[in-house]
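I have placed the structure first, in the form of structure tokens, so that the comments after it can refer back to it.
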Amino acid sequence: ATLQDLTWGTSFWSGSQWLAGAVNGSTKVVCSKSGTGTDIDWWYDCTSAMTSGHKYETRVYARDNAGNWLAEYGAYSKGSTDTVKQFWYDSTAPVSTITVPSGGTISTLAEISGTSVDNPSSGYSGVGKVKWCLSNDGDTQSFRKWSVSSGTWETGLYYNDGETISGAWSPWKGLFYSTQAFNSGSTYRLRGKAIDNAVASIGEAAGSGNTEADKSYYDSRFRWDTTP
């Protein structure tokens, strides 16, 4: 197989380094395989070669036991060249923030909102989902929203699904009318967590994208006060 970094142009992976030039013996790598006869699975671990945000082209060459090589494909054509594929590689997690509520002391909360970004340059899959977590000030419990008007407090950090605004994830929102969840005089924390649109190469399952890590800090911290 060959792996070409299209972002760098004529750069091919040799198995240990990127080499400038064309396809030749030094720019082809030998794949691992399993199975016998016509039922063969093959693979090549190229994780160490990849750079997030770059575009790649890979080609596969097969040879039978008689020494016959698979015919060479020409230029890549999306959806029609089985042995030539192009793809973007994105291993960078997106980032989210919460802007409302911004902190301080509040007595009403109808909607949580914030922003998110998955590196603004080309080559990144974009934000596919944002979740939010409302916890007590010690992070021992968090609120699990069951519906617009109900929910329960549970042990640990639970993330509720956010919603897009005008079809986009920046800004995003989380509807929250369950003010009965708060105790007047108590302090609470809010965190956001974004997931991008990248999919795992094996299985290509939706929702398997890069996920923003749980934050040890919080995006917003506020005190709830409804006492006159």
Side-chain angles (χ1 to χ4, degrees), residues 1-97 115-130 169-170 192-216:
T2 58
L3 178 65
Q4 181 181 2
D5 189 326
L6 298 176
T7 303
W8 284 343
T10 56
S11 295
F12 293 86
W13 182 246
S14 70
S16 60
Q17 60 181 321
W18 288 99
L19 299 176
V23 175
N24 54 50
S26 297
T27 55
K28 288 182 179 179
V29 295
V30 178
C31 302
S32 302
K33 66 181 180 67
S34 63
T36 58
T38 58
D39 188 15
I40 297 292
D41 291 322
W42 66 269
W43 65 92
Y44 179 77
D45 187 351
C46 56
T47 306
S48 63
M50 313 301 285
T51 299
S52 190
H54 282 211
K55 187 177 184 180
Y56 295 90
E57 179 177 286
T58 183
R59 293 172 178 257
V60 62
Y61 305 83
R63 184 185 67 184
D64 64 20
N65 290 322
N68 301 302
W69 282 94
L70 179 71
E72 172 77 48
Y73 267 90
Y76 166 77
S77 178
K78 185 177 181 179
S80 62
T81 48
D82 291 339
T83 64
V84 185
K85 299 295 182 183
Q86 291 185 357
F87 61 93
W88 291 93
Y89 182 73
D90 179 2
S91 63
T92 304
V95 177
S96 65
T97 61
T115 62
S116 63
V117 63
D118 186 30
N119 202 301
S121 64
S122 63
Y124 292 83
S125 57
V127 177
K129 180 182 290 187
V130 177
W169 285 106
S170 192
K193 177 188 285 188
I195 304 171
D196 70 17
N197 288 307
V199 295
S201 59
I202 298 176
E204 299 187 355
S208 61
N210 302 297
T211 302
E212 185 178 10
D214 286 333
K215 298 166 183 173
S216 58

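In this chain, residues are counted from 1 in sequence order.
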With rounding to the nearest 0.5 Å, note down the distance linking CG in L70 to CG in D64.
-> 10.0 Å

When rounded to the nearest 0.5 angstrom, what is the spacing between CE in M50 and OG in S91?
->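 Taking CE in M50 and OG in S91, the distance rounds to 9.0 Å.
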
Measure across [X] and [Y] and return the closest heavy-atom pair with its distance rounded to 0.1 Å.
X: A49; Y: L3; value: CB-CD2, 4.3 Å
X: V29; Y: G15; value: CG1-N, 3.7 Å
X: T115; Y: S170; value: CB-OG, 3.6 Å
X: V127; Y: P94; value: CG2-CB, 4.0 Å
X: T92; Y: Y124; value: OG1-CE2, 3.6 Å

Any donor-acceptor pair under 3.5 Å from [X] side chain to [Y] backbone:
X: T58; Y: T2; result: yes
X: K215; Y: G192; result: yes
X: N210; Y: D196; result: no
X: D45; Y: T47; result: yes

Would the H54 and W88 ring centres measure less than 6.0 Å apart?
-> no

Scan side-chain atoms only and decide if E212 and S96 contain a donor-acceptor pair under the 3.5 Å cut-off.
-> yes

Please check if any side-chain donor atom of S125 sits under 3.5 Å from a side-chain acceptor atom of D90, or the reverse.
->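 There is such a pair (donor and acceptor under 3.5 Å, judged by atom type) between the side chains of S125 and D90.
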
Among F12, W13, F87, whose ring-ring contact (aromatic ring centres under 6.0 Å, His included) with Y56 holds?
-> F87

Determine which pairs satisfy salt bridge (charged side-chain N to carboxylate O under 4.0 Å, His left out) with at least one residue from residues 50-63, sequence neighbours left out, and list them in order.
->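 Salt bridge (charged side-chain N to carboxylate O under 4.0 Å, His left out) check on residues 50-63 returns E57-R59, R59-E72.
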
Would K85 count as a cation-pi partner of Y76, with NZ or CZ less than 6.0 Å from the six-membered ring centre and within 45° of the ring normal?
-> no

Yes or no on side chain to side chain contact (heavy atoms under 4.5 Å, CB included) for S34 and W43, after CA distance, side-chain angles and deciding distance?
-> CA-CA 9 Å; S34 63; W43 65 92; 3.7 Å; yes

Check against side chain to side chain contact (heavy atoms under 4.5 Å, CB included), T27 and S14 | CA-CA 5 Å; T27 55; S14 70; 5.7 Å; no

Is any side-chain heavy atom of T83 less than 4.5 Å from a side-chain heavy atom of V60?
-> yes

Please report the C-alpha distance between K193 and V130 in whole Å, then the side-chain angles of each, then the deciding distance to 0.1 Å, and finally whether the side chain to side chain contact (heavy atoms under 4.5 Å, CB included) criterion is met.
-> CA-CA 6 Å; K193 177 188 285 188; V130 177; over 6 Å; no

Presence of salt bridge, D41 and K33, under 4.0 angstrom =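 D41 and K33: not salt-bridged.
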
